[in-house]
Amino acid sequence: MKDTDIKRLLYTHLLCIFSIILSIFIPSFFLENFSILETHLTWLCICSVFVTAVNLVLYLVVKPNASSKRSSLSYKVARFLKCCIYFLMSCFFFHVIFVLYGAPLIELVLETFLFAVTLSTFTTVPCLCLLGPNIKAWLRVFSRNGVTSIWENSLQITTISSFIGTWLGAFPIPLDWERPWQVWPISCTLGATFGYVAGLVISPLWIYWNRKQLTYKNN
């Protein structure tokens, strides 16, 4: 494993973190009274757009996977449409999961769905960028010893960190602290965001620390 590959991964992750920071500060110059808590739904939309755009640009530029031999326009269009369908399916899937775990079924539907969109942005979008709309590849990556590159290793860590952050973010909701950030789904979205950022920071450091022990099938 080359140190240059780890550096590319680190720089890519730093830009992803920067997209989160931009989603917090840039809108305040154009929108009055903008804040994560007071205009939470607006921030969810902006954060999802920023993170998705940066992920798309980075993976197009960095190209961690080998280019496919099938590069016709029709193939690219079909692949793009499949990615859009997978993303929407992911949003609805997370929405249903949130409802099953106690989110309001009828009230706060928009809040729940936008949270599902944000979590899909942190988890599904990187999978689509790196692996494409390929369920078998997704299952391989998230199975034991299924990764074939540091990018897939990183994908494991950031995705799991986002889920863990979401889970931890749900703990303060039933407490009677009466804080504004306890309103659904603010604490969960903040937890997912912190988890995503933590995964972006931890994964390159963990891979660098264990680089001598890590072996991949394609190396």
* Structure fact -> Joining Ile, Leu, Val, Met, Phe, Trp and Tyr whenever any side-chain heavy atoms lie under 4.5 Å apart, the cluster holding L105 also takes in V99, I106
* Asked: With a cutoff of under 4.5 Å between side-chain heavy atoms, which Ile, Leu, Val, Met, Phe, Trp and Tyr residues group with W167?
  -> I160, I164, L168, F171
Is any side-chain heavy atom of [X] less than 4.5 Å from a side-chain heavy atom of [Y]?
X    : Y    : result
I36  : L190 : yes
T158 : F122 : no
C129 : W151 : no
V51  : Y196 : yes
F142 : C127 : yes
V117 : L44  : no

* **Evaluation steps, side chain to side chain contact (heavy atoms under 4.5 Å, CB included), between S48 and L114** => CA-CA 9 Å; S48 298; L114 288 180; over 6 Å; no
Can you hop from [X] to [Y] via hydrophobic side chains spaced under 4.5 Å?
X    : Y    : answer
F93  : V125 : no
L155 : F87  : yes
L60  : F50  : no
V147 : L139 : yes

Heavy-atom donor-acceptor pair, [X] side chain to [Y] backbone, under 3.5 Å:
X    : Y    : answer
S187 : G169 : yes
E111 : L41  : no
Q182 : P172 : yes
S19  : C16  : yes

* Tell me, please, whether Y208 has R211 positioned over its six-membered ring: NZ or CZ under 6.0 Å from the ring centre and within 45 degrees of its axis? => yes
Qualifying residues under side chain to side chain contact (heavy atoms under 4.5 Å, CB included), relative to [X], sequence neighbours excluded:
X    : result
A137 : L131, N134, R140
L100 : V96
F163 : F94, L119, T123, T159
V61  : V57

* Asked: Considering residues at least two apart in sequence or located in another chain, which fulfil the ring-ring contact (aromatic ring centres under 6.0 Å, His included) criterion with F98?
  -> F115
* **Candidate pair L9 and D5, rule side chain to side chain contact (heavy atoms under 4.5 Å, CB included), full reasoning** => CA-CA 6 Å; L9 179 67; D5 294 331; over 6 Å; no
* Could you please spell out the steps behind the side chain to side chain contact (heavy atoms under 4.5 Å, CB included) verdict for L31 and I46? => CA-CA 12 Å; L31 301 175; I46 294 173; 4.1 Å; yes
[X]: partners by side-chain hydrogen bond (donor to acceptor under 3.5 Å, both in side chains), with sequence neighbours left out:
X    : value
W138 : none
T112 : W184
S154 : H13, S203
S143 : none

If I compare all heavy atoms of [X] with all of [Y], which pair ends up nearest, and what's the gap?
X    : Y    : value
I150 : I6   : CD1-N, 3.9 Å
S120 : S90  : OG-OG, 2.9 Å
G199 : S161 : CA-OG, 3.6 Å

* Among T121, L128, T124, which residue meets the side chain to side chain contact (heavy atoms under 4.5 Å, CB included) test with T52? -> T121
* To the nearest 0.5 Å, tell me how far L10 CG sits from L15 CG. => 9.5 Å
* **Residue pairs passing the side chain to side chain donor-acceptor pair (under 3.5 Å) test where at least one lies in residues 21-41, sequence neighbours excluded** => S23-W43, H40-T189
* To do: Dump the intermediate steps for side chain to side chain contact (heavy atoms under 4.5 Å, CB included) on W206 and N153, then the final yes or no.
  => CA-CA 10 Å; W206 184 86; N153 236 147; 4.0 Å; yes
* Asked: Around atom CZ of F194, are there more than 12 heavy atoms of other residues, nucleotides or ligands at under 6.0 Å?
  -> no
